[in-house]
Amino acid sequence: MARYGMALDYKNCINCKACEVACKEENGVELGAEKHRIWVGGNNPEGQWPLLDIASAAFLPSQCQHCDDAPCEEVCPTHATYYDENGVVRVNADKCILCSYCMNACPYDARYVDDRTMTVDKCTFCSDTRLARGETTTACQNTCPTKVRTFGDLDDPESEISELLRTREHFSLKSHLGTNPKLFYLT
Amino acid sequence: MNFIKKIIPMKDFTLKSLMTFEKTPLNLLMFFITVGLLGAFGWGVVEYLMHSHHAYNVTREHPWGLLIAMYIFFVVSSTGLCIVGSLGDVFGFKDYMAMSKRAIFGSIVTILAGFAVIAFEIGHPVTMLIYNVLSPGLTSAIWWMGTLYGLYLTFMIIEFIFLMRNDMKNARIFGLTGLLVGLAAHSNLGGVFGFLNARIISNGVFYPTYFILTAFITGIYLIYLMYGFRYKMQIPDDIKKGLLGLAKIQALLLAILMFFETWKFLTAIYGGMPGRADTAEHILHSGAFLYGEVLCGMVIPFVIMLATKWQSIKLYVFTSFIGMIGIFFMRYDLVHDTQLKPLQMMKTVEYQLPPEWVEYFPSAAEIAIGFGGIGIFFMLYYFGQKMFDLEGGAH
């Protein structure tokens with residue numbers, strides 16, 4: 001089995017939001033700003049026009065961090081949130097009772113309510129779609145025009161993501177919380 | 001019915017006697033309030049069934065709303081009444097023995113009202129019952145809280161049956177067990193918030209202990225209201241002695257609570273940790289905290305009890321009404337304040353400018369169901385008074 005993770009070369013992001021569109025199309029996510037598995041946030045440039053600090057502006061793609069020690073998994077009363085065989089944090093809609101505890105416990109704001117099933121949904125690294133068909137990329141990675149995202153097996157030393165993490169400086173979000181995310185931001 | 005009477009002694013009643021009551025202005029007022037609240041509850045449930053969670057104002061950023069707060073309000077009340085009821089029949093304090101039956105019955109009906117409210121907040125309550133058993137999440141505070149509250153209710157009902165049968169030995173055994181399970185359940189409810197690493201204003205040991213303290217305070221407020229209404233302020237001597245004693249305990253508990261709260265805010269603000277200090281400062285500036293929690297819930301009752309030297313039961317009944325308003329705000333603020341701070345996880349701009357603080361105001365359906373729960377409590381309590389002899393207690 002693999003241990004999937006993703007590296008984000010976020011400084012390459014141009015905020016085209018193709019990844020968000022591809023994710024929605026691939027995984028049947030409902031339209032609307034509140035319903036999204038992945039997103040591109042941003043920091044406005046600091047300073048006042050015309051003295052703007054352009055370098056301070058950044059686009060920041062993010063999503064579920066697929067933590068190794070996921071708070072959402074710990075707090076779920078019915079084990080609806082679970083780790084699959086590839087270490088991907090998933091939600092079993094049949095078991096989800098919509099207590100929303102996972103939404104409150106997730107430090108990454110990565111979960112939303114799917115209005116059709118009234119259960120909690122989130123990024124699954126395309127486990128139900130592309131990976132299930134035998135493909136090896138996620139929709140967001142596949143569509144990114146500037147190659148922000150690199151998805152792969154962290155346990156495979158030959159994988160592109162392992163190579164990137166060996167050779168590039170990187171950080172994780174809110175690492176002080178001890179959640180051990182499997183999303184890595186390349187600097 | 002005879003079979004039930006063999007298990008639990010009941011008064012003789014008919015459907016007609018259940019529906020008739022003395023038409024005093026106070027009784028009529030309570031009748032109309034209860035019917036209004038029950039109507040609101042019914043309307044809210046219909047709204048919920050038609051529109052699901054869309055009938056509520058909860059959002060991705062603020063997934064817990066008024067119904068969670070009202071659920072906590074009721075279960076805190078239940079634990080509080082359980083503690084008050086246990087003073088006599090479990091711990092053997094003579095002054096409180098006459099209150100046991102009424103307090104324990106109150107603890108049963110308040111938790112039933114809480115369950116009625118939470119049933120319409122949990123998206124899939126039937127699924128919950130099934131998978132709580134088939135795939136229990138043992139690391140989840142919600143699982144422990146729910147399971148322990150289920151056990152607690154069972155023990156409370158058994159204790160009440162033994163109380164009604166005047167079997168004090170068994171009442172004490174089940175009362176003590178119920179009390180311990182109830183305290184475990186209640187501190188787990190505090191743990192639901194305490195375990196939230198993502199929300200550092202709530203994270204820590206404070207809430208599990210604070211919940212037990214405020215439960216005792218809530219129980220005392222409620223027992224005053226129940227006896228004030230029952231005897232129309234003409235409290236008999238055997239109850240009076242206990243109530244006056246409770247006023248002293250209440251003043252002490254309120255002093256401890258104010259001490260707790262002061263240190264909570266001092267430690268939260270000291271050091272200026274982002275997400276904790278700024279949230280605490282924001283809470284300190286909110287009217288719901290200052291006027292609701294602090295003034296109504298703590299300061300006014302404490303000052304009145306101190307000024308009257310624990311001798312004015314009539315005043316304490318009115319004080320308790322103000323106190324319960326404060327308790328409501330304590331629960332509402334607890335839930336809302338936990339979610340005040342946006343997580344803003346690498347998305348300082350996301351489609352629109354981010355709010356500095358997450359706003360929430362309950363929808364009409366949430367208000368109807370949440371406060372409608374009080375109507376359910378009134379109705380169950382009224383029927384209980386008609387069906388059971390709640391006078392007297394342990395002997």
Side-chain angles (χ1 to χ4, degrees), chain A residues 8 10 15 17 32-36 39-44 57-63 65 71-82 92-113 115 117-120 173-174 176-179 183 185, chain B residues 51-54 58-65 68 118 121-147 191-193 195-200 202-203 275 335 338-339 342-354 358:
Chain A
L8 293 119
Y10 69 99
N15 196 24
K17 290 197 165 62
E34 277 288 297
K35 316 288 172 196
H36 55 82
W39 60 87
V40 178
N43 282 335
N44 287 329
F59 299 117
L60 303 160
S62 198
Q63 61 192 74
Q65 306 286 306
C72 56
E73 193 272 344
E74 281 182 0
V75 302
C76 179
T78 57
H79 269 316
T81 297
Y82 66 102
N92 181 341
D94 290 337
K95 289 186 181 180
C96 177
I97 63 171
L98 193 58
C99 64
S100 306
Y101 198 10
C102 57
M103 294 173 75
N104 253 321
C106 172
Y108 303 104
D109 202 7
R111 292 168 165 252
Y112 71 100
V113 179
D115 286 337
T117 57
M118 290 314 286
T119 55
V120 174
L173 299 182
K174 299 189 180 180
H176 61 283
L177 295 178
T179 54
L183 249 70
Y185 287 79
Chain B
H51 305 290
S52 192
H53 269 217
H54 297 294
V58 289
T59 60
R60 179 181 183 130
E61 288 79 20
H62 199 292
W64 286 347
I68 297 280
I118 201 70
E121 160 62 27
I122 297 288
H124 305 282
V126 178
T127 307
M128 177 185 76
L129 294 176
I130 296 168
Y131 286 104
N132 262 2
V133 177
L134 292 185
S135 59
L138 299 180
T139 53
S140 169
I142 279 191
W143 186 88
W144 284 101
M145 181 266 296
T147 305
V192 167
F193 294 88
F195 283 141
L196 290 174
N197 286 351
R199 317 277 182 172
I200 54 174
S202 299
N203 186 225
V335 172
T338 298
Q339 301 161 95
L343 291 167
Q344 288 300 315
M345 216 279 299
M346 290 199 83
K347 44 181 177 177
T348 45
V349 180
E350 180 197 316
Y351 302 110
Q352 69 261 328
L353 286 173
V358 176

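So that the names make sense, note that chain A is the first sequence line, chain B the second, and so on, each numbered from 1. Bear in mind that the values here come from a model prediction, so they are computed numbers and not experimental data.
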Where do B:Thr127 and A:Ile97 come nearest, in terms of heavy atoms and distance?
C-CG2, 3.9 Å
Which atom names give the shortest non-hydrogen contact between A:Leu177 and B:Asn197, and what distance separates them?
CD2-O, 3.8 Å
Would you find a donor on one side and an acceptor on the other, under 3.5 Å apart, between the side chain of B:His124 and the backbone of A:Met118?
yes
Quick check for you: to the nearest 0.5 Å, what is the distance between A:Thr78 atom OG1 and B:Ile142 atom CD1?
10.0 Å
Taking all non-hydrogen atoms of both residues into account, name the closest pair between B:Ala198 and A:Ala105 and its distance.
CB-O, 3.4 Å
Let me confirm one number: the CG-NE2 distance from B:Leu134 to A:His79, rounded to the nearest 0.5 Å.
12.0 Å
Test of understanding: with side chain to side chain donor-acceptor pair (under 3.5 Å), list the residues that count as partners of B:Asn132, not counting sequence neighbours.
none
So which part of A:Ala110 gets closer than 4.5 Å to some heavy atom of chain B, the side chain, the backbone, both or neither?
backbone
Checking B:His53 against A:Leu98 for the side-chain contact (heavy atoms from CB on, under 4.5 Å) test, could you report, in this order, the C-alpha distance in whole Å, the side-chain angles of both residues, the deciding distance, and whether it holds?
CA-CA 10 Å; B:His53 269 217; A:Leu98 193 58; 3.8 Å; yes
Starting at CE of A:Met103, measure out to NE2 of B:His62 and round the result to the nearest 0.5 Å.
12.0 Å
Given side chains that start at C-beta, do those of A:Asn104 and B:Pro63 come closer than 4.5 Å, heavy atoms only?
yes
Please classify the contact between A:Cys99 and chain B as side chain, backbone, both or neither, with a heavy-atom cut-off of under 4.5 Å.
both
So, B:Arg60 side chain and A:Tyr112 main chain: donor-acceptor pair closer than 3.5 Å or not?
no
Go through B:Leu343 and A:Lys174 one step at a time and tell me if the side-chain contact (heavy atoms from CB on, under 4.5 Å) criterion holds.
CA-CA 11 Å; B:Leu343 291 167; A:Lys174 299 189 180 180; 4.0 Å; yes
So which of A:Asp94, A:Val113, A:Thr119, A:Thr179 has the biggest tally of heavy-atom pairs under 4.5 Å with chain B?
A:Asp94
Could you pull out the closest heavy-atom pair between A:Ser100 and B:Trp64, with the gap in Å?
CB-NE1, 3.6 Å
Could you work out, with ring pair (Phe, Tyr, Trp, His ring centres under 6.0 Å) as the rule, every residue matching B:Phe195, not counting sequence neighbours?
none
For B:Val192, is it the side chain, the backbone, both, or neither that has a heavy atom closer than 4.5 Å to a heavy atom of chain A?
both
Of the listed B:Met145, B:Gln339, B:Glu121, the one with the largest count of heavy-atom pairs under 4.5 Å with chain A is B:Gln339
